[in-house]
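Before anything else, here's the structure in question.
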Amino acid sequence: MSVRTRFAPSPTGYLHIGGARTAFFNWLLARRHQGEFILRIDDTDEARHVEDAVGKILEGFAWLGLGWDEGPEFAEHGGGSRGPYYQSQRSSLYEAAIVDLIRRGHAYPDVTPPEETELARKAAEAAKQPFVYRGKDRDIAPADALVLYESQRPSVRFKVPTGQTTVLEDKVRGRVEWQTDLLGDFTIARTGGKPLYNLASVLDDIGMEITHIVRAEEHLSNTHPQLHLFEGLGAKPPVFAHIPYVAAPATKKKLSKRNPPPGVMVAIEEYQKAGYLPAAILNALGRLGWSLDDKTELMDVELMKANFSLERVIASPAGLDPDKMFWMQDHYMRQLTRDQRVDLMLPFLVDAKLIADPVPEEARRIVEHIDQACGDRLKLLADIVRYGSFCFAPTLEHDKEAAKNLRKEGVASALVQIRNAVAHAEPFDLATLESAIQKVGAETGMGGKINNVVRAAVTGRTVGPGVFDCLVLLGKEKSLRHIDQSIQAFSVDAPTS
RNA sequence: GGCCCCGUCGUCUAGUCGGUCUAGGACACAGGAUUUUCAUUCCUGCAACACGGGUUCAAAUCCCGUCGGGGUCACCA
């Protein structure tokens, strides 16, 4: 039988980095064994519904390049033989299963009002006792239960056998035992008939013939109830693998969207906006709890696809390592050709309103030139905005450091000499400019430091591509304009000496 | 609090079911060389088996306990 894995996000409106990692592992496992990866939307709880939430998640998958074999967008075309892939559209299946479970004595209606069970739960909590709840009617005859269910549509509980120990052979946790007496009868349908997660999830996994469930360890405690459900439904449970949750950097705490540590990005979309490459994200995610061997850090998708295995997934929490991810990003940026990089960077300049939308051919050539002049200084795609803005921004703006440099003693007069040198540079190329500026450096006694002044005056920044590249990039006319602007802006404050 | 899971350099981790592990790699960091900014590149260095008991000729690896961290205990997913 082929391997069938799934990822079942609830439509929250964004793809969490931890969710993406879980999805990726499922995807890798399926690809590794030429199986299928299924995407299913767990939207049984309308209260959580967010507008276009599914679209955002699908976009995340598309950007990462993780394709699915069955799932939402196929449903519309009738593709994916085991659909629909939205739980909200599978109600009749759940309904039938609930009736079936009651008929066979595996579940029973519980008319206890929610407020009452809630009270019992609170009391147990206050007494520091485990909350093990069993409905009063758990031993009702199936026929009567059915009548009660049909007439009142109360909540339904699964009748967990007492006094047993269930065993889970988890692919990464090993053997995990659980006493059924600690479980209680969990609810599978709320009042009115809507199925709850555990039921819907198990039913779908059966219906979609899922063979391997790879999910984060916070689901470990859901697994034993689900195991009973599989049994009650007469199905063979799939292989389970509970992978470690993704922890916030340098902590063992689960990384959450609610309160992420300062500077830590959680949604995949944020990484995209920051200018990360999918290859870097995927590589970093692949190393989150999984390793190829004792030394390989850089792994492209093909390599991971060919080697992924649950056996090498670790059991302890996997902490996100932003520094390492950044280092990987640097690596994948270098793997790209200039054309590829430029294609990817252009949208960032458009978004920053620095270049027009149908990108003019001229702008593209400048960006190519900037890319060439920057070399490996461009780490994130968005860096093009930082390093290239002086070429496109309508007015030159000096950042704090650059302004500081230009206010130094003697700089004002040096700027005039620099202007002269630039004005007379002919031809306007790297070599000519370099020797001309060097001459000014010697005359002013500033030596090599003159370059810092030129950069600050021309680009408004203290870091960036080579100085002479910057001049050539701008061309003589614009270079002079920038220098003039700098002279004007800083001559007042500068000492007159 | 109950139950469950986890515990190797600052960080991410390797550690094939006990034996060249005086614990390996990578990131980060520090120092040096190259670079007239920055970024690279190249050396060098720093640095860990949570603790305490066992078992064994031998333990990071097995067992027990302690401590620590985390997850989960819904008519949420």
Side-chain angles (χ1 to χ4, degrees), chain A residues 8-12 42-45 47-48 87 110 112-115 117-118 121 124-133 154-157 170 173-174 176-179 182-184 186-192 194-198 200-201 216-224 242 244-245 247 249-254 284 287-298 311-312 314-328 330 334 374-379 387 405 434 437-438 441 446-456 459 461-467:
Chain A
S10 61
T12 50
D42 278 14
D43 57 353
T44 49
D45 184 14
R48 281 200 182 187
Q87 290 191 331
D110 182 21
T112 313
E115 300 76 35
T117 50
E118 177 64 14
R121 197 177 68 89
E125 194 176 309
K128 296 187 191 307
Q129 290 295 310
F131 176 58
V132 180
Y133 181 86
S155 67
V156 180
R157 286 180 182 271
D170 191 275
R173 307 277 142 187
V176 181
E177 298 185 355
W178 217 284
Q179 304 297 323
L182 260 18
L183 232 44
F186 56 92
T187 309
I188 58 176
R190 11 145 100 103
T191 305
K194 282 261 161 45
L196 251 22
Y197 170 73
N198 276 146
S201 178
E217 74 169 286
E218 54 257 39
H219 283 286
L220 193 55
S221 56
N222 276 146
T223 309
H224 285 83
H242 287 90
Y245 58 86
T251 74
K252 298 291 182 200
K253 282 191 176 50
K254 200 167 79 171
R287 285 289 291 123
L288 233 44
W290 181 76
S291 60
L292 175 63
D293 54 31
D294 61 341
K295 51 176 74 74
T296 308
E297 297 287 344
L298 297 168
E311 280 67 39
R312 289 191 65 82
I314 57 168
S316 50
L320 190 64
D321 190 341
D323 283 336
K324 203 168 229 177
M325 187 188 274
F326 186 72
W327 171 74
M328 287 169 173
D330 179 44
R334 295 178 195 221
C374 280
D376 46 32
R377 289 176 189 83
L378 289 164
K379 305 288 189 197
Y387 291 143
N405 273 0
E434 181 163 2
I437 298 292
Q438 259 174 4
M446 296 178 98
K449 289 210 166 67
I450 195 74
N451 288 357
N452 298 338
V453 177
V454 177
R455 177 191 307 283
T459 70
R461 299 282 144 92
T462 50
V463 298
V467 214

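Naming convention: chains lettered A, B, ... in sequence-line order (proteins, then strands); numbering from 1 in each chain.
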For this session: Sugar-phosphate atoms are those with a prime plus P, OP1 and OP2; base atoms are the rest. Using that split, label each nucleotide of nucleotides 66-71 of chain B B, S or - for protein heavy atoms under 4.0 Å, 5' to 3'.
Result: ---SSS

For this session: Tell me, please, which residues at least two apart from Asp330(A) pass salt bridge (charged side-chain N to carboxylate O under 4.0 Å, His left out).
Result: Arg334(A), Lys379(A)

Problem set entry | Atom-to-atom span, CZ of Arg334(A) to C1' of U40(B) - whole angstrom | 6 Å

Exercise. In chain order, what residues pass the ring pair (Phe, Tyr, Trp, His ring centres under 6.0 Å) check against Trp178(A), with sequence neighbours excluded?
Worked result: His224(A)

For this session: Looking at every strand, decide which applies to Ala318(A) at a 4.0 Å heavy-atom threshold: base, sugar-phosphate, or nothing.
Result: sugar-phosphate

Problem set entry | Side-chain N or O of Thr44(A) closer than 4.0 Å to phosphate OP1/OP2 of A77(B) | yes

Exercise. With rounding to whole Å, what would you report as the distance between U11(B) and A48(B) at their C1' atoms?
Worked result: 12 Å

For this session: With heavy atoms under 4.0 Å as the rule, sort Asp376(A) into base, sugar-phosphate or nothing.
Result: base

Exercise. So what does Pro154(A) touch, heavy atoms closer than 4.0 Å: a base, only the sugar-phosphate, or nothing?
Worked result: nothing

For this session: Could you encode protein contacts along nucleotides 18-34 of chain B as a string, one character per nucleotide from 5' to 3', using B for base contact, S for sugar-phosphate-only contact and - for no contact, with a heavy-atom cut-off of under 4.0 Å?
Result: ------BBBSS------

For this session: Check the distance between A14(B)'s P and Trp290(A)'s CH2 and give it to me in whole angstrom.
Result: 11 Å

Seminar exercise, completed: Asp294(A) meets the salt bridge (charged side-chain N to carboxylate O under 4.0 Å, His left out) criterion, sequence neighbours left out, with none

Exercise. If you pin Thr117(A) and Lys449(A) to their nearest nucleotides in RNA chain B, which one's is more 5'?
Worked result: Lys449(A)

For this session: Pick base, sugar-phosphate or nothing for Thr112(A), based on heavy-atom distances below 4.0 Å to the nucleic acid.
Result: base

Exercise. Among the nucleotides C75(B), C6(B), C4(B), which one has an atom lying closest to any side-chain atom of Leu196(A)?
Worked result: C75(B)

Exercise. Hey, does the side chain of Arg121(A) come within less than 4.0 Å of A74(B)'s phosphate (OP1/OP2), counting only N and O?
Worked result: yes

Problem set entry | C1' gap between U44(B) and C6(B), integer Å | 36 Å

Seminar exercise, completed: From CG of Leu292(A) across to C1' of U13(B) the rounded distance in Å is 13 Å

For this session: Calculate the interatomic distance between Leu220(A) atom CG and C5(B) atom P; express it in whole Å.
Result: 7 Å

Could you go through nucleotides 15-17 of chain B and list every protein N or O atom that sits under 3.5 Å from one of its N or O atoms, giving the distance for each pair?
| residue | atom | partner | partner atom | Å |
| --- | --- | --- | --- | --- |
| G15(B) | OP1 | Arg312(A) | NH1 | 2.7 |
| G15(B) | OP1 | Arg312(A) | NH2 | 3.3 |

For this session: Scan Thr191(A) against the nucleic acid and name what it touches under 4.0 Å (heavy atoms): base, sugar-phosphate only, or nothing.
Result: base

For this session: Measure from the side-chain heavy atoms of Phe131(A) and tell me the nearest of U37(B), A77(B), A74(B).
Result: A74(B)

Exercise. Under 4.0 angstrom, heavy atoms only, what part of the nucleic acid is Pro113(A) near: base, sugar-phosphate, or nothing?
Worked result: base

For this session: Please report, rounded to the nearest Å, how far the P atom of C76(B) is from the CG atom of Asp42(A).
Result: 14 Å

Problem set entry | Nucleotide nearest Asn452(A) (side chain, heavy atoms from C-beta), chosen from C6(B), U41(B), U37(B) | U37(B)

Exercise. Expressed in angstrom and rounded to an integer, what is the separation of Glu434(A) atom CD from U37(B) atom C1'?
Worked result: 13 Å

Exercise. Rounding to a whole Å, what distance do you find between Asp43(A):CG and C76(B):C1'?
Worked result: 13 Å

Problem set entry | Length of the line joining Lys379(A):NZ and A39(B):C1', which is rounded to integer Å | 6 Å

Exercise. Does Pro249(A) or Pro195(A) map to a spot on RNA chain B nearer the 5' end, using the closest nucleotide for each?
Worked result: Pro249(A)

Exercise. Got a donor-acceptor contact below 3.5 angstrom from the Thr117(A) side chain to the Pro114(A) backbone?
Worked result: yes

For this session: Provide the Watson-Crick or G-U wobble partner of U72(B), both distances under 3.5 Å; none if there is no partner.
Result: G2(B)

For this session: Go through the N and O atoms of the side chain of Asn198(A) and the base of A77(B), and report whether any donor-acceptor pair is under 3.5 Å.
Result: no

Problem set entry | Rounded distance in Å between the C1' positions of U22(B) and A47(B) | 15 Å

